[in-house]
Asker: 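Please see the structure below; I have some questions.
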Amino acid sequence: MRDGRIDALLAELTRDEKLRLVRGRPDPEGRATGYLPGVERLDIPPLGLVDGPLGVRDREATAFPATITLGATWDPDLAHRVGRALAAETRARGHDVLLAPGLNVVRVPTGGRTFEYLSEDPRLTSAVGAAYVGGVEAGGVAATAKHFVANNQEHRRDVVDAVVSERALREVYLPGFRAAVEADVSAVMAAYNRVNGHYMSEHRPLLEGVLREEWGFDGVVTSDWWGTHDAVAAAEGGLDLEMPGASVVELFAPHSRVLRAMVRLRPSDRLDLDPPLFWRPVQRLFTDDGQPDPYPFDLFGDPLRRAVADGLVAEATLDRKVRHVLGLYDRLGKLGGPRGERSRGAPRTVDWEGHHDLAREVARRGTVLLANDGTLPLGGNESLAVVGPNADEAKVGGGGSSEVTPTRTVSPVEGLRERASAPNVGFERGVKPVANPSMFDVPGSGLRRRLRSGPDFDAAVAAAAAADVTVVVVQDGATEGEDRDSMALPGGQDRLVGAVAEANPRTVVVCRSSGPVEMPWADDVAAVVQTWYPGQADGAALADVLYGADPGGRLPVTVGRRFEDYPVAGDERRYPGEHEHVHYDEGVFVGYRGFDRDGVAPRFPFGHGLSYADFEYDDLAIEHIDTDGGGDDLDAPVLDATVTVANRADRPGREVVQAYVEPPAAPAGIDRPRRELAAFESVGLDGGERRTVPLSVPKRALARYDPRDGWTVDAGEYAVVVGRSSRDGRVRASVELSK
Ligand code: NOJ
């Protein structure tokens, strides 16, 4: 940051101008999700912020696969490329800040935004998330790590208090954000929820203590939209920017003449009404729906002005916020500096075809082949029946602020018709189309779908019986703002799969879901292919995989048999919470860590995924290195492992080599997960190829967090297990560490 230039600007800004820089406004063109008008007098231009993790939410853009699909690739390089592509589209649409990625850990399998997050594991989330951030930032756009922190459910997200231990925060929920800061993320979005009693937009210990002081973050902390409650508490708590800082009426005003007139007339101000007029009827729509109240707004407007004038908030505190915001401008090259000159010269055109291909590559590489009796890959000459209520639509994403209007789409039916050499690929819905819910839905919006031609269950079963292979495409529906009410697939789809599988033993199920779903038919079908929300290239990627491209995906979340098997289940305190408090009583035992502790067999374990190739593991060697001389650098490698992986098949394949650490017993009274992911590497191997794969284990992967002593590496024997999933270790070695 060029402090001199920023100091000079700060000295020139009036207090009102400073306030203009810490409070979002509606974009006059109605396209940016958030907008800062800048200060024209001093050549500080406007700044546009736009959603979100799956693509750019402004007119048409590439609808990339859901974030969880990216998590399932276990491939940071691919995430970096997606970040670059998103940056190019953000710039092409004229915006500066992308409100992504979502780095919350998947705690609740039915969470409404599971599809927007990377995984249930902090190390996987950190590695892929940091690479995504790096890609966005390298493309000249500011990334926003969100939602900081413990926004692990949509149910009552606007008020719920996550009661969580410091150990679980440090070991599970914070690492993804720390990795983003290390990747030089420009912005962090405070979550809606409370953590241990305080709203995140006012959480001084986490925003100032951990984020700024410990991690050295010097970017901007923004609120989530209408996620502020109290001007002084937020100002003192470490929030820099209030978003959107405007009422809903103002936000939609660019789209409506009536609303614009209302905003200009300011009837509530004239009548001195608080809450304002508009709020009274709107209020009814915003109760208990997972949405934040868009009132009060404008806290960093008049209320903050008054608080500074009255000495409740120091002018220096306001200056510090402005410094952070100007720092962001500077990074983006918007204060006329060198990056500005560079970025002004950079092309704003987008290779839309190339981005569609990238979306297809990610969808393919994030596809997890969960089960396969040899029916896949298809040979090419089979007749196919495609069955499924929504198989003629691409599953572009889930509902909410991550919704993208795709540049084009390929449905499973289209993708398979294009690829299959058999002249006819039949299609039957079987059951009624499943809704693609959205928090933006207005009543009656599902009507067209409900009126669509009546599905014929028997015709679907008959088509399945007549075809060589049946592909059943099932899906869930999930949206920001509410959690799914069960892990079961909606709308009779399980019954449909059962009947089709009975009619045709060569039934392949393609599951498009936001996260894990129940799969009661898993043992009765020939193959199960998990594609999450594959984005606009859905059907094209699916055809790639079914016809032989090796699915590179591995599970980033545990697929349990039922919700009750997950560590958060069984007690309302843990989920969905009691009296707006959700107690993270499972501590660090989230996802597979909990399944392992409880001795519960998942249907498919974390890290699982089959290949069309056949991999063998050998020769695991571990070397203990002590680069920092036993110092405090937790990211210093502490173990160097090498393992030999051979592809025994005569076809190329992609393997995700996974290293888990099994720690020694911790001191009495402290439970540690049996094994934790420590390192991984996604490698493509030709048929017959054999390769030595290096895996570097950082000290942090061996450490546990002790509330008194901080990060602690216990003395004792650490086993390193390398293999194909959290429950499929192939080779093992151990090392003894002394204190
Ligand atoms: C609320 C969501 O939680 C956040 O992810 C998004 O960026 C903002 N709304 C803006 O749409």
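In each ligand, atom 1 is the first atom listed, and ligand 1 is the first ligand listed.
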Asker: For atom 5 (O) of ligand 1, what is the nearest protein heavy atom, given as residue, atom name and distance?
Answerer: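 For atom 5 (O) of ligand 1, the nearest protein heavy atom comes out as His147 NE2, 2.7 Å.
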Asker: Number the atoms of ligand 1 from 1 as they appear, then name those within less than 4.0 Å of a heavy atom of Tyr192, with their elements.
Answerer: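 Those of ligand 1 that fall under 4.0 Å from Tyr192 are 1 (C), 3 (O).
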Asker: Taking only heavy atoms of Ser401 into account, list the atoms of ligand 1 that are under 4.0 Å away from them.
Answerer: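 So the atoms of ligand 1 that pass are 2 (C), 4 (C), 5 (O), 6 (C), 11 (O).
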Asker: Would Leu78 and Leu358 count as a side chain to side chain contact (heavy atoms under 4.5 Å, CB included) if you check the C-alpha gap in whole Å, the side-chain angles of each, and the deciding distance to 0.1 Å?
Answerer: CA-CA 9 Å; Leu78 203 49; Leu358 177 59; 4.3 Å; yes
Asker: Does ligand 1 have a heavy atom under 4.0 Å from the side chain of Glu116, from its backbone, from both, or from neither?
Answerer: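 No part of Glu116 comes within reach of ligand 1.
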Asker: At what distance is the nearest protein heavy atom to atom 8 (C) of ligand 1, and which residue and atom is it?
Answerer: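 Its nearest protein heavy-atom neighbour is Asp224 OD1, 3.3 Å.
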Asker: Would you say Leu335 and Tyr329 make side-chain contact, with heavy atoms under 4.5 Å?
Answerer: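 Result yes, sub-4.5 Å side-chain heavy-atom pair found.
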Asker: Between Glu60 and Thr405, does any side-chain donor sit less than 3.5 Å from a side-chain acceptor?
Answerer: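 There is no such pair between these side chains.
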Asker: Out of Glu154, Glu480, Arg57, whose heavy atom sits nearest atom 2 (C) of ligand 1?
Answerer: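 Result: the heavy atom closest to atom 2 (C) of ligand 1 is in Glu480.
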Asker: Arg113 versus ligand 1: do any nitrogen or oxygen atoms come within less than 3.5 Å of each other?
Answerer: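 Yes, there is a polar N/O contact under 3.5 Å.
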Asker: Below 4.0 angstrom from a heavy atom of Arg157, which ligand 1 atoms are there? Numbered from 1 as shown, please.
Answerer: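 Near Arg157, the atoms of ligand 1 are 3 (O).
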Asker: Report the relative orientation of the aromatic rings in Phe64 and His355; use parallel for angles under 30°, tilted for 30 to 60°, perpendicular for over 60°.
Answerer: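 Tilted.
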Asker: Got a donor-acceptor contact below 3.5 angstrom from the Tyr584 side chain to the Leu169 backbone?
Answerer: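 Side chain of Tyr584 to backbone of Leu169, a donor-acceptor pair under 3.5 Å: no, none is there.
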Asker: With atoms numbered from 1 as shown, which atoms in ligand 1 lie under 4.0 angstrom from a non-hydrogen atom of Thr33?
Answerer: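 In order of numbering, the contacting atoms are 10 (C), 11 (O).
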Asker: Return yes or no for this condition: an N or O of Lys146 is under 3.5 Å from an N or O of ligand 1.
Answerer: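 Between Lys146 and ligand 1, an N or O pair is found under 3.5 Å apart.
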Asker: Can you see whether Tyr199 has Arg194 sitting over its ring - NZ or CZ less than 6.0 Å from the centre and within 45° of the normal?
Answerer: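 The answer is yes; both the distance and angle limits are met.
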Asker: Does any donor atom in the side chain of Thr125 or Ser119 lie under 3.5 Å from an acceptor atom in the other side chain?
Answerer: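 Side chains of Thr125 and Ser119: pair found under 3.5 Å.
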Asker: Measure Glu403 to ligand 1 on non-hydrogen atoms and call it side chain, backbone, both or neither using the 4.0 Å cut-off.
Answerer: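 For Glu403, there is no contact with ligand 1 at all, from either part.
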Asker: Using only heavy-atom distances, determine whether the side chains of Ser401 and Arg113 contain a donor-acceptor pair under 3.5 Å.
Answerer: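 The criterion, which ignores hydrogens and geometry beyond distance, is satisfied for Arg113 and Ser401.
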Asker: With a cut-off of 4.0 Å, which atoms of ligand 1 are near a heavy atom of Met189?
Answerer: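 Ligand 1 atoms under the 4.0 Å threshold to Met189: 7 (O).
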Asker: Could you tell me how the ring of Tyr533 sits relative to the ring of Phe115: parallel (under 30°), tilted (30 to 60°) or perpendicular (over 60°)?
Answerer: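 Answer is tilted, since the angle falls between 30° and 60°.
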Asker: Considering only non-hydrogen protein atoms, determine which one is nearest to atom 11 (O) of ligand 1 and report residue, atom name and distance to 0.1 Å.
Answerer: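 Of the protein heavy atoms, Asp51 OD2, 2.5 Å lies nearest.
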Asker: Is it true that Met243 lies under 4.0 Å from ligand 1, counting heavy atoms only?
Answerer: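 Under 4.0 Å: no for Met243.
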